[in-house]
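To start, the structure under review is shown below, and the notes come after it.
Along the sequence shown, the residues carry numbers beginning at 1. Just follow the structure's listing: the first ligand is 1, and inside any ligand the first atom is 1.
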Amino acid sequence: MSRILITGGTVVGTSGAVPTDVLVDGETVAALYAPGQAAGVTADRTIDATGKYVIPGGIDVHTHMELPFGGTNASDTFETGTRAAAWGGTTTIIDFAVQRTGEVVQDGLAAWHAKADGNCAIDYGFHMILGGIDDDALKAMDYLVDNEGITSFKLFMAYPGVFYSDDGQILQAMQRASENGAVIMMHCENGPAIDVLIAQALARGETDPKYHGIVRRSELEGEATNRAVVLSGIAHCPLYVVHMSASEALEAVAAARHEGRNVFAETCPQYLYLTLEDTLARPGFEGAKWVCSPPIRTGQAHHQADLWKGLRMNELACVSTDHCPFCMKEQKELGLGDFSKIPNGIGSVEHRMDLLYQGVVTGNISLSRWVETCCTTPARMFGLYPQKGVIAPGSDADIVIYDPNTTQTITHETSHMNMDHSAWEGYEIAGKVDTVLSRGTVVVEGNQYVGTKGHGQFLKRGLSQYLN
Ligand code: DUC
Ligand code: ZN
Ligand code: ZN
């Protein structure tokens, strides 16, 4: 295996940015050198990173490749989605394997392995969605933690009839997690109440995409988040609230954290940058591009400012994408004339690192916090650290060389996700991914993808290291 010396760059970690040369030997980082100290070091290849940041590869802990949802399948396969992730400086994803109601958990997991095995450009792990909690599913949780490297389980307070669990089921799964050490990840929206509001809106003839954002009210995300926090307190289990979009939800998590509870949360770029008025409310059916749940919130309230503050204050631990792409043609179009039938999801796996870097440019977060929320904390939260999430001797050489002096504009034509549009069309980005290494192999350089399908390996994860 080859040795690569990355010289002249500034390594960014959670505690700061320091000019450092990095030696990669085979699949791992071999050594770090202060400037000038690597003079006698031999390598097969030297990469000049002068003027650039050298950061740990991004970790997106919330993706849905090929998810069957809303009568169709998310349009990125593991092959196309992980390649797009690599383009954008993400070198690990954690996708959600699915147990539907009535299915055996291990069968759902086997189906997900079959989709991903041999197809991925970068390393990947799985969380498990539990859509049917019964005695067998509870036993399966122990089995997955002990044997399969799956240490986090997602439950849904929304989508009755699809993924929904009631409060009793949720409490039982949380009690099991408190025994086996797993993290419970929660989709916090009050689904039964939302379904009533959906039916009432449709009966009034309110069928356009914008009503998706109106009926899925932020109070119902706040209420569900609070309920999840209370239930996890009773069960004494760690709780990780996924894709947070609303101030009311942040308040519930912040209050629990203030009490010292093991309650964590993530948000996603769409909630930090997009507003209902600019997206879902566009004329005609165009708003369908941005239908996701929880929905993109109104710009008239202060959700975005609160989420940025939450990121700065560690009330929000991670930024993921909830990458769940659907094309307009034949997919989003399923909801023409009925917003509730539009498949829920946005594709962003390629743009997360760039989009969050804009928070550094605008002063909303620091350079270190960018790396912490997008790379390091995701690894620690989900049992991958220090193999992933840090540039240190012995860690996997998942490395991104990021050029802060190049600008780019996001367009569908220049993106690599398997979609017929971009939710980020026209977004100006200050900064650009220059070179990406995945376990010591260069997979992106010189504006080319040079990786291979099947390079990515399944990661058996340990327990969350945030709890140790
Ligand atoms: N939200 C989405 O937008 N898509 C997939 C599932 C989810 O919870
Ligand atoms: Zn969800
Ligand atoms: Zn999701």
Side-chain angles (χ1 to χ4, degrees), residues 60-76 81 85 93-100 108 112 124-131 152-165 170 183-191 194-195 198 209 212-213 215-216 218 220-221 224-225 227-228 239-246 249 264-271 274 276 279-280 287-297 318-328 331-332 334-335 339-349 352 378 382 417 419 423:
D60 189 342
V61 299
H62 191 149
T63 68
H64 298 286
M65 306 303 171
E66 302 179 45
L67 175 73
F69 193 72
T72 183
N73 294 318
S75 58
D76 263 321
I93 62 163
I94 309 184
D95 203 85
F96 288 84
V98 179
Q99 175 230 10
R100 293 178 172 269
W112 240 257
Y124 62 98
F126 295 146
H127 315 282
M128 190 86 214
I129 286 175
L130 296 178
S152 40
F153 298 88
K154 183 179 179 190
L155 310 179
F156 286 78
M157 301 171 110
Y159 303 127
V162 186
F163 293 131
Y164 175 78
S165 295
I170 288 169
V183 171
I184 294 294
M185 307 172 78
M186 192 66 75
H187 180 125
C188 296
E189 289 187 292
N190 184 328
I194 286 169
D195 278 4
I198 290 173
H212 171 84
V215 297
R216 300 187 88 93
S218 60
L220 293 175
E221 185 183 341
T225 305
R227 194 156 27 101
L239 173 70
Y240 180 93
V241 177
V242 293
H243 48 46
M244 183 179 284
S245 74
F264 309 95
E266 66 176 18
T267 190
C268 311
Q270 55 268 34
Y271 305 123
L274 307 179
L276 182 151
T279 58
L280 291 167
K289 290 176 184 171
W290 295 277
V291 165
C292 61
S293 293
I296 289 165
R297 301 294 178 192
C318 303
V319 180
S320 70
T321 54
D322 196 7
H323 178 76
C324 192
F326 296 102
C327 294
M328 285 294 267
Q331 296 201 297
K332 295 282 186 181
L334 293 168
F339 68 84
S340 72
K341 296 202 162 55
I342 301 170
N344 287 198
I346 286 186
S348 307
V349 76
R352 183 184 63 119
F382 293 107
M417 299 174 288
M419 299 175 71

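Aromatic ring pairs are classed by plane angle as parallel below 30°, tilted from 30° to 60° and perpendicular above 60°; the pair His64 and His62 is perpendicular. Ring planes of Phe96 and His127: tilted class, angle from 30 to 60°.
The shortest contact between atom 3 (O) of ligand 1 and any protein heavy atom is with Ser293 N, 2.9 Å. Distance from atom 4 (N) of ligand 1 to its nearest protein heavy atom, with residue and atom name: Asn344 O, 2.9 Å. Nearest protein neighbour of atom 7 (C) of ligand 1, counting heavy atoms only, is Tyr159 OH, 3.6 Å.
The minimum heavy-atom distance between Ser218 and Ala246, with the atom names listed, is CB-CB, 3.7 Å. Nearest heavy-atom pair across Ala85 and Val349 is CB-CG2, 3.8 Å.
In this structure, Phe156 has a heavy atom closer than 4.0 Å to ligand 1. Ligand 1 lies less than 4.0 angstrom from a heavy atom belonging to Lys154.
Within the 2.8 Å limit, Ala158 places no N, O or S atom next to the Zn ion (ligand 2). In summary, no N, O or S atom of His243 is located under 2.8 Å from the Zn ion (ligand 3).
Defined by atom type and a distance below 3.5 Å, a donor-acceptor pair is present between the side-chain atoms of His323 and Asp76. Side chain to side chain, Ser293 and Arg216 meet the donor-acceptor criterion of an N or O pair below 3.5 Å.
Contacts between Val242 and ligand 1 below 4.0 angstrom, taking non-hydrogen atoms only, are absent altogether.
Between Pro325 and Met417, every side-chain heavy-atom pair lies at or beyond the 4.5 Å cut-off.
When each atom of ligand 1 is checked for a heavy atom of Cys292 under 4.0 Å away, the hits are 3 (O). Close approach of ligand 1 to His243 (heavy-atom distance below 4.0 Å) involves ligand atoms 8 (O). Those atoms of ligand 1 with a heavy atom of Gly345 less than 4.0 angstrom away are 3 (O).
With respect to the Zn ion (ligand 3), Asp322 has OD1 as its nearest N, O or S atom. Of all N, O or S atoms in His187, the one lying closest to the Zn ion (ligand 2) is ND1.
Partner of Glu266 under the side chain to side chain contact (heavy atoms under 4.5 Å, CB included) criterion, out of Val61, Val241, Val319: Val61 alone.
By the 3.5 Å distance cut-off applied to N or O atoms, His64 is not counted among the residues near ligand 1.
With Ser245 contributing its side chain and Ile296 its backbone, the two residues share no donor-acceptor pair below 3.5 Å.
Between Tyr159 and His187, the ring centre distance stays below 6.0 Å.
For the pair NE2 of His62 and NE2 of His64, the angle at the Zn ion (ligand 3) is about 100°; rounding is to 10 degrees.
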